[in-house]
Chemist: 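Handing you a structure now.
Side chains included, hydrogens not; waters and symmetry mates left out as well; all remaining heavy atoms used.
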Amino acid sequence: SAIFYRTDMFTCLASGTKWLSNTPDTAGSKYSYTEGGTTYTANYPRIMTYVVLQRKSDGAKFIYVNAHLDNNGSNDGTVAEKIRDGQVKILLAEIQKLYKAHGNLPTIVTGDFNTQPGTASYTTMVQNGFADSSKVAKQSETNRTFNGNSDSGNVIFDYVFVSSDLANIVQTYKVCPEKRDGKWISDHNAIIANVVIPTAQTKS
C-alpha cells in the first residue's frame, strides 16, 4: 500500500507499515476472530502504510494512511465483513497511537476497503470521525470504483476518508476513466480528492 509524496513540498517525519491483524507488529499476520467456538481468519495478510508529513512552506503537519482490507474470498459475506470491521478497528487504534506520538493531526485515509457504503466497516470509519470525501466534497461525482473488467455493475470499494477537521474543505472528488484506448486500465478505477491541509496543525 505504497504512498508517494513530493519531496520538494513535504518532509517525512515518520513512516511505517502495520498489519491489520490481532498482532499489528507481526509481519505477515492475518486477522482472525472466534465466534461460537469457530475461528474465522482473513484470506490474506492485509496492511496499512502511514506517513507523517510536514509541509515545507509553512510547517503544517498531517497524517496519511493507505490501507487494503480483506476480500470475501473463501469466507461468506457476513464473516468477511466482520473481519473487515475488525481490521478497521485496528487501523483506527494505530491512528490513535500516531496521535499520541505526533499530536491530533489532520488525517487522510485511503484504500481499497473491499466493502460498500453502509456496511459495518464503512460505518465504523464514519462513526469514528472520518468523512467520505465523495459525500462532503464541494464538487463530487458518485461512480463505481470497482469494475471487475466488466461494463456492468455499480460497486464502490475504494475511498478517500478525511478526519472531521478536513471534511468541510475537501474541494473535489472524482473517479477516473476506466479505459484508455478501449482497454481496461485496472479492475479498480483510480479516485482523486483535492484536500486542503490547513495551516493549523492540530484539531480543535
Chemist: Drop me the distance from N194's CG to K174's NZ, to the nearest 0.5 angstrom.
Modeler: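 Between N194 CG and K174 NZ, I get 10.0 Å after rounding to 0.5 Å.
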
Chemist: After noting the C-alpha distance and the side-chain angles of Y33 and K82, does the key distance pass the side-chain contact (heavy atoms from CB on, under 4.5 Å) rule?
Modeler: CA-CA 9 Å; Y33 74 95; K82 287 184 178 180; 3.3 Å; yes

Chemist: Which residues end up grouped with Y44 if you chain together Ile, Leu, Val, Met, Phe, Trp and Tyr wherever their side-chain heavy atoms are less than 4.5 Å apart?
Modeler: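 So far as hydrophobic clustering goes, Y44 is joined with none.
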
Chemist: Is there a path from I192 to I108 through hydrophobic residues (I, L, V, M, F, W, Y) whose side chains come within less than 4.5 Å of each other?
Modeler: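 No: no chain of side-chain contacts under 4.5 Å links I192 to I108.
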
Chemist: Within the supplied structure, the quantity of interest is the number of heavy atoms (other residues, nucleotides, ligands) at a distance under 6.0 Å from N149 CG; does it exceed 12?
Modeler: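 Yes, the 6.0 Å shell around CG holds more than 12 heavy atoms from other groups.
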
Chemist: How far apart are the closest heavy atoms of I191 and V160, and which atoms are they?
Modeler: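 Minimum heavy-atom contact is CD1-CG2, 3.9 Å.
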
Chemist: Check whether K30 reaches the backbone of L20 with its side chain - one donor and one acceptor, N or O, closer than 3.5 Å.
Modeler: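 Between the backbone of L20 and the side chain of K30 there is no qualifying donor-acceptor contact (under 3.5 Å).
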
Chemist: Measure the shortest side-chain to side-chain distance between N75 and T41 over non-hydrogen atoms and say whether it is less than 4.5 angstrom.
Modeler: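 SC-SC contact between N75 and T41 ruled out.
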
Chemist: Going by heavy atoms in the side chains, are Y50 and E94 under 4.5 Å from each other?
Modeler: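 No. Closest side-chain heavy atoms not under 4.5 Å.
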
Chemist: I'd like to check R46 versus L69 (side-chain heavy atoms, cut-off strictly below 4.5 Å). Are they in contact?
Modeler: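 R46 does not reach L69 side chain to side chain.
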
Chemist: Supply the atom-to-atom distance K18 NZ to K97 NZ, rounded to the nearest 0.5 angstrom.
Modeler: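 The NZ atom of K18 sits 6.0 Å away from the NZ atom of K97.
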
Chemist: Does any non-hydrogen side-chain atom of S29 lie less than 4.5 Å from one of N22?
Modeler: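 They are not in side-chain contact.
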
Chemist: Quick one: are Y173 and V136 in side-chain contact, heavy atoms under 4.5 Å?
Modeler: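 Side chain of Y173 against side chain of V136, heavy atoms only: no contact under 4.5 Å found.
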
Chemist: Do any N or O atoms from the side chain of T49 and from the backbone of S1 form a donor-acceptor pair under 3.5 angstrom?
Modeler: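 Looks like yes, one N/O pair under 3.5 Å.
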
Chemist: Mind checking whether L92 and M125 have side chains closer than 4.5 Å, heavy atoms only?
Modeler: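 L92 reaches M125 side chain to side chain.
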
Chemist: Tell me, do R84 and N72 make a side-chain contact under 4.5 Å, heavy atoms counted?
Modeler: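 Yes; the side chains approach each other to less than 4.5 Å.
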
Chemist: Calculate, to the nearest 0.5 Å, the distance between atoms CG and CD1 belonging to N114 and I83 respectively.
Modeler: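 That separation rounds to 11.5 Å.
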
Chemist: Grouping I, L, V, M, F, W and Y whenever their side-chain heavy atoms are under 4.5 Å apart, do I47 and L91 come out in a common cluster?
Modeler: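 Unlinked, I47 and L91 end up in two clusters.
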
Chemist: Take atom CG in D181; do more than 12 heavy atoms of anything else shown fall under 6.0 Å from it?
Modeler: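 Counting other residues, nucleotides and ligands, CG of D181 stays at 12 neighbours or fewer.
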
Chemist: Can you measure from CZ (F130) to OG1 (T124) and round to the nearest 0.5 angstrom?
Modeler: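 Rounded to the nearest 0.5 Å, the CZ-OG1 separation comes out at 12.5 Å.
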
Chemist: Are K179 and N147 packed together at the side-chain level, in the sense that at least one heavy-atom pair is separated by less than 4.5 angstrom?
Modeler: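 No, too far: nothing below the 4.5 Å cut-off.
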
Chemist: Should V175 and V170 be regarded as members of a common hydrophobic cluster, given that ILVMFWY residues are connected when their side-chain heavy atoms come within less than 4.5 Å of each other, either directly or indirectly?
Modeler: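 Yes, V175 connects to V170 through the hydrophobic network.
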
Chemist: Any chance you could measure I90, atom CD1, to I95, atom CD1, to the nearest 0.5 Å?
Modeler: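 These two atoms lie 12.5 Å from each other.
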
Chemist: Same cluster or not: are V196 and F62 linked, directly or through other Ile, Leu, Val, Met, Phe, Trp or Tyr residues, by side-chain heavy atoms under 4.5 angstrom apart?
Modeler: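 V196 and F62: one cluster.
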
Chemist: Within the distance-only criterion (no hydrogens, no angle test), does the side chain of D70 pair as donor or acceptor with the backbone N or O of N43 below 3.5 angstrom?
Modeler: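 Yes, because the side chain of D70 sits within donor-acceptor range (under 3.5 Å) of the backbone of N43.
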
Chemist: Please check: side-chain N/O of Q171 versus main-chain N/O of I169, any donor-acceptor pairing under 3.5 Å?
Modeler: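 Such a contact is found between Q171 side chain and I169 backbone.
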
Chemist: Got a donor-acceptor contact below 3.5 angstrom from the T145 side chain to the D158 backbone?
Modeler: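 Yes; at least one donor-acceptor contact below 3.5 Å.
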
Chemist: Going by atom types only, do T115 and E81 share a side-chain donor-acceptor pair under 3.5 Å?
Modeler: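 The answer is yes; a qualifying pair exists.
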
Chemist: Can you see which heavy atom on V88 is nearest to which on S121, and at what distance?
Modeler: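 Looking at all heavy atoms of both residues, the shortest contact is CG2-CB, 3.8 Å.
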
Chemist: Taking all non-hydrogen atoms of both residues into account, name the closest pair between S133 and V162 and its distance.
Modeler: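 Nearest heavy atoms, S133 then V162: OG-CG1, 3.7 Å.
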
Chemist: Out of curiosity, Q139 CD to T172 OG1, how far, rounded to the nearest 0.5 Å?
Modeler: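 Nearest 0.5 Å value for the CD-OG1 distance: 7.0 Å.
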
Chemist: Does T107 reach the main-chain N or O of L105 with its side chain, forming a donor-acceptor pair under 3.5 Å?
Modeler: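 Judged by distance alone, yes, a pair lies under 3.5 Å.
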
Chemist: For a ring-ring contact (aromatic ring centres under 6.0 Å, His included) with F113, tell me which candidate from F157, F146, F161, Y122 qualifies.
Modeler: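 By the ring-ring contact (aromatic ring centres under 6.0 Å, His included) criterion, F113 pairs with just one of F157, F146, F161, Y122: F161.
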
Chemist: Check whether N189 reaches the backbone of R144 with its side chain - one donor and one acceptor, N or O, closer than 3.5 Å.
Modeler: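 The answer is yes, because a donor-acceptor pair under 3.5 Å joins these two groups.
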
Chemist: Of all heavy-atom pairs between C12 and Y5, which one has the smallest distance, and what is that distance?
Modeler: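 Result for this residue pair: CB-OH, 3.2 Å.
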
Chemist: If we count only N and O atoms by modelled type, under 3.5 Å, do the side chains of N66 and T110 hold a donor and an acceptor together?
Modeler: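 Yes, T110 and N66 have a side-chain donor paired with an acceptor closer than 3.5 Å.
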
Chemist: Among the clusters formed by ILVMFWY side chains lying less than 4.5 Å apart, do I3 and I197 turn up in the same one?
Modeler: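 In one cluster with I3: I197, yes.
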
Chemist: Specify the closest pair of heavy atoms between A167 and A131, including all atoms of both residues, with the distance to one decimal.
Modeler: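 A167 and A131 have their closest heavy atoms at CB-CB, 4.0 Å.
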
Chemist: Judged by atom type as modelled, is there a donor-acceptor pair below 3.5 Å linking the side chain of Q116 to the main-chain atoms of I156?
Modeler: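 Such a contact is found between Q116 side chain and I156 backbone.
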
Chemist: Counting only N and O atoms by type, is there a donor-acceptor contact under 3.5 Å from the side chain of D76 to the main-chain atoms of T78?
Modeler: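 Flag set: sc D76 to bb T78 pair under 3.5 Å.
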
Chemist: Any donor and acceptor pair, going by atom type alone, linking the side chain of K56 with main-chain N or O of T7 inside 3.5 Å?
Modeler: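 It does hold such a pair.
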
